Number of protein chains: 2
Amino acid sequence: MLTLKHLRVIEALNETGSLTRAATRLHLTQSALSHQLVALEAHYGVVLFERSRPLRVTPAGVRLLQLAQEVLPKMEAARRDLARLAEDNQPGRLRIAVECHTCYDWLMPGMDAYRAHWPEVEMDLVGGFHTDPLALLAEDKADLVIVSETARHKGVAFSPLFRYEMLALMATGHALAARAYLSAQDFAQDTLITYPAPDRLLDVVRRVLKPAGVNPERRLAELTIAIVQLVASRKGLAALPAWAVQPFLERGYVVARPIGKKGLWSGLYTAARASDAPRAFHRDFVDTLREQAFMTLPGIEPLAGSPHPR
Amino acid sequence: MLTLKHLRVIEALNETGSLTRAATRLHLTQSALSHQLVALEAHYGVVLFERSRPLRVTPAGVRLLQLAQEVLPKMEAARRDLARLAEDNQPGRLRIAVECHTCYDWLMPGMDAYRAHWPEVEMDLVGGFHTDPLALLAEDKADLVIVSETARHKGVAFSPLFRYEMLALMATGHALAARAYLSAQDFAQDTLITYPAPDRLLDVVRRVLKPAGVNPERRLAELTIAIVQLVASRKGLAALPAWAVQPFLERGYVVARPIGKKGLWSGLYTAARASDAPRAFHRDFVDTLREQAFMTLPGIEPLAGSPHPR
DNA sequence: ACTTCTTACGAGTGCCGTAACCATG
DNA sequence: CATGGTTACGGCACTCGTAAGAAGT
């Protein structure tokens, strides 16, 4: 009784504040988490979380949380050291290419966390835009590419990172703000402000507007903040990841609405040469990115096929 | 993969130097340990122990050993803190009565280890000899008694500590040293040197000599070292726990032989009022004693009914 | 009233034990 | 040759998932 699994559960419960959210993050059902929590509490005769919304940790819960924070990192560190020993300390290299503008927001903290664990791995960012980023893998100009789709490609292995919602952004008091969600036609009368990227990388265009035959006036901006500024200045609409605009929404600069009844969700994946996949430092990079993303980005969800916690 | 169970296995393997001995200590079969070890090594692609006799840890094994020594004590500490929280920090008391002379040898280190974990528990030793030590429990003069048998007693709960072999001790070059083991008759011609305790507490007398109708001349000595000295001086034979005489055997002061073909094995148990058994600080005392005994006493074996590692 | 947690029940999996086989000293 | 480690196989226990019921906001 009292296993590492329990510590991971406690940690996830504390971070998410709900059995349901903790369960999706751990790739389990809320039922499984309920079982574990109830069993643990019964076994020691203590309450770990008050069942309010959000969950409140009790002193006993805090004690286990402290234990988790001491123990789990040590376990991970040992895992990495074993991997190093298994591969005879051969150093590794990671040349990373990024397709999407906003990705740098979470990529940088992820790389920082990774560097702390694998200082001997040489990391590099492959700059510039590329029409076919996957080709960089075959040409041996990159070892890992971050992409938004997983079209089968020979010799390329994809790993899911996370999925996120694209929100339609509009100025406060915009007429469309009355809607619960926006449909393709709602974009017709207004200017669409986007990054200067090809349409196939712009999810609103590719998956919503183009299928509906809607082709609004366009305007480009390089930076997220510039796009938000233009929207706030009533120059048009934009569609950006929920986690990228969260701070602006909180301060009331702009308003956001889902795109379509169920919202417009996109996924992010890493792609690597299949031959590189087995190396531990490589898998660990993806794991670190994923973990960091869930730590820092609000509202993101796990993607099917994510590996279970080790 | 890589669970606390694995860490306990690694620790036990390192301490015992063999799958078989580690298995008995963990209350598992050597098969189970083999499974775990093979699976762990396969999963990380490393060898943890060279399969020599005794087992030799590899660098990877050392790394996991280090992890175990960091993590397992933290887990235990958290368990204790949970127990304290569950019982609202009510302080406890342990008045301990000991039936056997030699027990102090391992009881003291055990109590020291326990005090480090439960400083708030007031420990006391109930001195003097008692015809019926179990009565001390009913009379509320002791909370825990260390005994060598588990005859059913109303309202008393027994917990197994360990079992050990009683060895016959004789001077170097003694005629009986030629035997592979001694039988009851072999004691007939020589003086038997014992502690000044009633016969029912002297296992050789109660279980070997008396059943065989052998009644040798007797001589008493208070201390283990005095008994050994008398034996070495050819004043007679003695029967003492293997772990108590180990150092004298190593230095060649005396010679030891098993008593009976299969050896004479005795067990030690704790007895407590059944109403006290559930308290965590109470159970933990017994666990600590057991653990310390296995750490320090050579040649002892687990007793049936010992609780599995938590 | 909706979400979130609990509980009952059934299925799958993974762990362990027995026993036979193999290695090591 | 004896002791100890590995492997094959089968059973059992445990954990998880589905689905229905209870509780909280």
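Computed from a predicted model, the values in this text were never measured in an experiment. Residue numbers start from 1 in every chain, and the chains themselves are labelled A, B, ... in the order their sequence lines are given, proteins ahead of strands.
Annotation for A:Y181 and A:G260: closest pair CD1-C, 3.4 Å, computed over non-hydrogen atoms. The two residues B:G110 and B:T288 have their closest heavy-atom pair at O-CG2, 3.8 Å. The two atoms that bring B:Q90 and B:R279 nearest to each other are O-NH2, 3.3 Å, heavy atoms only.
Chain A approaches DNA chain D within less than 4.0 angstrom (heavy atoms of the protein), and the contacting nucleotides run 5' to 3' from D:dT15 to D:dT25.
If you check distances only, the side chain of B:H35 does reach the base of C:dG17 with a donor-acceptor pair under 3.5 Å. With hydrogens and angles left out, the side chain of B:S31 and the base of C:dT18 share a donor-acceptor pair within 3.5 Å.
In this structure, B:E76 pairs ionically with B:R79, as a charged nitrogen and a carboxylate oxygen lie closer than 4.0 Å. Classification of B:E41 and B:R51 as a salt-bridged pair holds, one side-chain N sitting under 4.0 Å from a carboxylate O.
The CG atom of A:L55 sits 14 Å away from the C1' atom of C:dT3 (whole-angstrom rounding). Here C:dG17 presents its C1' atom at 16 Å from NE2 of B:H27, a figure rounded to the nearest Å. Remark: P of C:dG14 and NE2 of B:H6 are 13 Å apart, rounded to the nearest angstrom. We find that CG of B:L40 is positioned 13 Å from P of C:dC16, with the value rounded to whole Å. With rounding to whole Å, A:Q30 atom CD is found 11 Å from C:dT3 atom C1'. What separates CD of B:E50 from P of C:dA23 is a distance of 17 Å, to the nearest Å.
Remark: B:K5 is not in phosphate contact with C:dG14, judged by side-chain N or O atoms under 4.0 Å from OP1 or OP2. For C:dT24, the OP1/OP2 oxygens have no side-chain nitrogen or oxygen of B:S52 closer than 4.0 Å. Residue A:R51 places at least one side-chain N or O closer than 4.0 Å to OP1 or OP2 of C:dT6. Under 4.0 angstrom from either OP1 or OP2 of C:dC16 there lies at least one side-chain N or O belonging to B:Q36.
Within residues 10-19 of chain A, the residues that place at least one heavy atom under 4.0 Å from DNA chain C are, in residue-number order, A:S18, A:L19.
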* To do: Evaluate the side-chain contact (heavy atoms from CB on, under 4.5 Å) criterion for residues B:F248 and B:L169: first the C-alpha distance (whole Å), next the side-chain angles of each, then the deciding distance (0.1 Å), finally the verdict.
  => CA-CA 10 Å; B:F248 307 114; B:L169 237 60; 5.9 Å; no
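Atom OG1 of residue A:T3 and atom CE of residue B:M75 lie 7.5 Å apart, to the nearest 0.5 angstrom.
With hydrogens and angles ignored, the 3.5 Å screen pairs no side-chain donor or acceptor of B:R21 with any backbone N or O of B:E15. No donor-acceptor pair closer than 3.5 Å links the side chain of B:R290 to the backbone N or O of B:F162.
Here C:dT24 is the nucleotide among C:dT24, C:dC16, C:dC5 with the atom lying nearest to any side-chain atom of B:R53.
Using a 4.0 Å heavy-atom criterion, one finds that A:T20 contacts the sugar-phosphate atoms exclusively.
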